[in-house]
Amino acid sequence: MRVLLLSMPDTAQFTDFVTRLPNLAIISLAGNLPGHEVRVLDLVLFKPHFEAALRQALTSLRPQVVGLSAMTFQFDTLLRVARLIRAFDPTIKLVAGGYHVSLMARELTAEAEELPLDFLVRVEGETTFRELVTELEKPAPDLGGILGLSYRQDQEWVHNPNRPLLELIPLPCPRAKPDWPTAFIF
Ligand code: B12
């Protein structure tokens, strides 16, 4: 599958005086998707005007799945980015993960306003996201057995049981290769 992984452009102000910090979550997820075509686009590098970089990545990769990562203070931006992607191509599956989604999955999915997302991955994402992407390749994906996943079934959101914490030692390492101008890609 073609997968694009995004971090949000918002940063706490103090970090801008030091550096633009890479997001470790999305490169760890990338390292755990063997056999898929994966790109990582850290929108922090393009802030505040990241839309052109996003559109270029969508146009060149034509992703089937986009994963979006956000902390709580970035979550409004995540929704804005998700809506931009929906408008670009409504067939792209949108998956959100990170601290806010992990803590607030039930509240977010209970809100009246329609979430522009197809899946939420709660807590550690490496195995859950890999299982989801593998399942989405099948003609009839079976999502019920993927621990830590929240997904839509008819009009309702289903929250699968939590995944036990991962054993970190055997996990493949993060992957990123800085050979795309000002972005990580491989
Ligand atoms: C290192 C760190 C920092 C570093 C740098 C982080 C960076 N690279 O940008 C520094 C010290 C600069 C920092 C600053 C801040 N931080 Co900080 N930080 C952390 C810390 C200790 C680890 C984060 C990390 O890299 N983890 C490693 C990666 C691999 O794991 P991960 O991010 O958890 O991602 C996994 C899952 O969440 C999930 N996942 C995440 N995204 C996605 C996306 C998809 C699609 C999927 C499927 C899954 C998924 O899968 C990943 C792999 O398992 C955490 C606390 C903790 N122990 O986790 C706090 C934490 C993330 N920070 C936090 C906060 C609030 C901040 C600040 C806003 C503080 C402030 N007021 O200034 C700033 C913001 C920095 C910024 N980027 O602008 C909070 C966020 C809380 C929240 N509700 O969002 C945390 C959780 C601390 C806390 N308990 O309060 N931080």
Side-chain angles (χ1 to χ4, degrees), residues 1-34 36 38-48 50 54 57-58 61 63-79 81-82 85-86 92-109 115-136 141 143 146-151 159-160 162-176 178 183-184:
M1 283 226 136
R2 295 184 304 280
V3 181
L4 176 64
L5 294 167
L6 301 173
S7 73
M8 294 306 112
D10 323 74
T11 51
Q13 242 182 355
F14 77 92
T15 65
D16 290 342
F17 296 120
V18 188
T19 182
R20 294 198 172 184
L21 293 159
N23 179 297
L24 299 180
I26 55 173
I27 57 173
S28 183
L29 295 171
N32 282 272
L33 288 170
H36 298 282
V38 186
R39 287 190 196 172
V40 175
L41 182 61
D42 202 327
L43 294 178
V44 162
L45 295 164
F46 302 96
K47 65 178 243 183
F50 60 85
L54 174 62
L58 293 170
L61 179 63
Q64 295 152 294
V65 177
V66 175
L68 305 101
S69 179
M71 287 181 269
T72 297
F73 78 102
Q74 302 169 317
F75 193 72
D76 283 347
T77 305
L78 182 149
L79 294 177
V81 172
I85 299 168
R86 275 270 193 271
I92 296 173
K93 298 291 180 208
L94 296 177
V95 188
Y99 298 96
H100 191 65
V101 161
S102 299
L103 292 169
M104 303 292 289
R106 286 178 189 277
E107 289 83 352
L108 291 171
T109 54
L115 263 191
L117 299 167
D118 300 299
F119 303 99
L120 306 181
V121 167
R122 309 186 315 269
V123 196
E124 293 169 322
E126 286 86 351
T127 306
T128 307
F129 191 55
R130 187 180 62 236
E131 288 181 6
L132 172 63
V133 171
T134 303
E135 211 51 48
L136 289 177
L143 305 172
I146 303 180
L147 298 177
L149 181 72
S150 300
Y151 62 100
H159 302 281
N160 288 346
N162 293 337
R163 180 175 293 276
L165 289 178
L166 297 176
E167 185 63 57
L168 297 183
I169 300 292
L171 275 189
C173 287
R175 289 182 63 199
F184 300 119

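When a ligand or atom number is given, it counts from 1 through the structure's own listing order.
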N/O to N/O below 3.5 Å, does that happen between S28 and ligand 1?
-> no
Looking only at non-hydrogen atoms, find the nearest pair between A57 and R39 and report the distance.
-> O-NH1, 4.5 Å
Could you check atom 74 (C) of ligand 1 against the protein and tell me its nearest heavy-atom contact, residue, atom and distance included?
-> A12 CB, 3.7 Å
To which protein heavy atom is atom 12 (C) of ligand 1 closest, and what is the distance rounded to 0.1 Å?
-> L21 CD1, 3.3 Å
Under 4.0 Å between heavy atoms, the region of T72 that gets near ligand 1 turns out to be both
Less than 4.0 Å between atom 48 (C) of ligand 1 and some protein heavy atom, yes or no?
-> yes
Side chain, backbone, both or neither: the part of L29 lying under 4.0 Å from ligand 1 by heavy atom = side chain
Short version for P22: what comes under 4.0 Å of ligand 1, heavy atoms counted, is backbone
Which of the listed options, M71, Q13, M8, E126, holds the heavy atom that is closest to atom 63 (C) of ligand 1?
-> M71
Flag: protein heavy atom within less than 4.0 Å of atom 91 (N) of ligand 1 = no
Could you tell me whether atom 44 (C) of ligand 1 has at least one protein heavy atom nearer than 4.0 Å?
-> yes
Please check atom 57 (N) of ligand 1 for a protein heavy-atom neighbour under 4.0 Å.
-> no
Provide, to 0.1 Å, the distance between atom 42 (C) of ligand 1 and the closest protein heavy atom, together with that atom's residue and name.
-> G97 C, 3.4 Å
Among G98, S7, G125, G148, which residue places a heavy atom closest to atom 40 (C) of ligand 1?
-> G98
Out of N23, L94, V123, whose heavy atom is nearest to atom 38 (C) of ligand 1?
-> V123
So, for atom 1 (C) of ligand 1, does the protein have a heavy atom nearer than 4.0 Å?
-> no
When only distance counts, is Y99 in polar contact with ligand 1, meaning an N/O pair under 3.5 Å?
-> yes
Of F119, F14, F73, the residue with the heavy atom nearest atom 68 (C) of ligand 1 is F73
